[in-house]
Amino acid sequence: MNDTPLFQVSATPIDIPAIRQAMLDTDCGAYAQFEGWIRNKNDGRAVDRLEYEVYEPLAVAEGLRIIEEAMQRFKLKRAMVVHRSGLLELGDSAVVVAATSPHRDEAFKGCRYIIDEVKVRLPIWKKEHYASGEREWVNCQECENPRN
Amino acid sequence: MNDTPLFQVSATPIDIPAIRQAMLDTDCGAYAQFEGWIRNKNDGRAVDRLEYEVYEPLAVAEGLRIIEEAMQRFKLKRAMVVHRSGLLELGDSAVVVAATSPHRDEAFKGCRYIIDEVKVRLPIWKKEHYASGEREWVNCQECENPRN
Amino acid sequence: MKQVHVRWFAAYRDLTGVESETLDTEATTPAALFDELKGRHPRLGARHAALVAINDEMSDWSSPLNPGDTVLFFPPVSGG
Amino acid sequence: MKQVHVRWFAAYRDLTGVESETLDTEATTPAALFDELKGRHPRLGARHAALVAINDEMSDWSSPLNPGDTVLFFPPVSGG
């Protein structure tokens, strides 16, 4: 159990029972888990599928740092994150975060902290493929010079 | 999917993949799940196993009320609870709560609300079997007249 | 006097030694009924965090008791 | 003048049309380097929510740039 990497990038569907299995711990009374799912729309546009680009060396290093922070701040016994890369379909899990603690308050707060930080700190980008045929990098309205 | 009862009492191990399956919904970007596990100790005493008594007619009615409240307050798309009855071993899941929502804030808050209410409102009682051989109803220090 | 049915759960069942009983009472609320029953079941303590239901509906300790009601006494719960 | 390596990711790779480049620069910080590169890649906009790393370590926009550094420009992230 203790040799499972705490932060993983996966190019194939996330094995959720394996995550839970790696987290099992009879010292803990609380297991909180969060999944980000691919929704059928974003900002009112119909989404068909989605593509994640992950810069893995830094995503892993920064992901482990986030887990470490959460474990210390919220006295978690253990925490794990698996994030997808590549092409995803509607309903697929893009990310799974799991946290254990003796008590539930810490497990909830630690799990929440991790997903919030993952979303703003990891070098991971989502390109949405819309039903209209267009494709667009999410969050990148400002990447392009408006004069062009 | 929509005929799965939202609140269930189970005398056998909880089928967690089945819960997730029943929750899948491409309108939702967030899936929060909480599990209560049987810990190896409580209040400093070593626990061996544990027994849940559930008064099912009222547990189900009140459990559905809690789910309904959570769905309205936190704009959940769906929420589900399965609670164990009978004899449980260390590491078993005593309860699983799942909540979906378009966004994660609601999913986390709804899931948390449900487990907090489940713990104080449902007619469910836990008897711990200690390593010492003693057995005791949890939370019941005041049930007995101290003069006896 | 009216007849009511009582059911005891978990720790209360152990302390009273019975699962259910039927009795005649002057009590007009579950609170008064519980206090009356402490005479019959001296091991019962205070009902601080206990819950009560009448006819399978969660109830208040001060709700009215009617003839034929079934009163469920729940010791402090510990689910989850 | 010093030589640095630059890598562009996701939307930035699309806007610059290159994945990486090596150049000589007077810029002493990633912020100055980015602004300089807007001349070479006119489709690049402001870097409001962008992140930067130097040699595979997350960095500040005002960190010092050293000869031979590899600077990674990350457009606003959208994981999770």
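Below, chains carry the letters A, B, ... as their sequence lines are ordered, and counting in each starts from 1.
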Do the side chain of [X] and the main chain of [Y] share a donor and acceptor less than 3.5 angstrom apart?
X      : Y      : result
R84(B) : S10(B) : yes
R78(B) : A22(B) : yes
K2(C)  : A27(C) : yes

Atom group of [X] that falls short of 4.5 Å from chain C, counting heavy atoms:
X       : value
V120(B) : backbone
E142(B) : both
A61(B)  : neither
P57(B)  : side chain

Report task. Decide side chain to side chain donor-acceptor pair (under 3.5 Å) for Y55(B) and D56(C); before the verdict, give the C-alpha distance in whole Å, the side-chain angles of both, and the deciding distance to 0.1 Å. Result -> CA-CA 10 Å; Y55(B) 181 56; D56(C) 275 353; 2.5 Å; yes
Query raised in the report: Which of residues 62-80 of chain C have a heavy atom under 4.5 Å from any heavy atom of chain B?
Result: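 So far as heavy atoms go, L72(C), F74(C), P75(C), P76(C), V77(C), S78(C), G79(C), G80(C) are the residues that approach chain B to under 4.5 Å.
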Query raised in the report: Of the backbone (N, CA, C, O) and the side chain (C-beta and beyond), which part of Y12(C) lies under 4.5 Å from a heavy atom of chain B, both, or neither?
Result: side chain
Report summary line: By salt bridge (Lys or Arg N to Asp or Glu O under 4.0 Å), R40(C) pairs with (sequence neighbours left out) E21(C)
Report summary line: Across all chains, not counting sequence neighbours, the ring pair (Phe, Tyr, Trp, His ring centres under 6.0 Å) partners of F74(B) are Y113(B)
Query raised in the report: Do R45(B) and S132(B) touch side chain to side chain, with heavy atoms closer than 4.5 Å?
Result: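 Touching, per the 4.5 Å side-chain cut-off.
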Query - Those residues that, when tested against S20(C), pass side-chain contact (heavy atoms from CB on, under 4.5 Å) (two or more places apart) - result: R7(C)
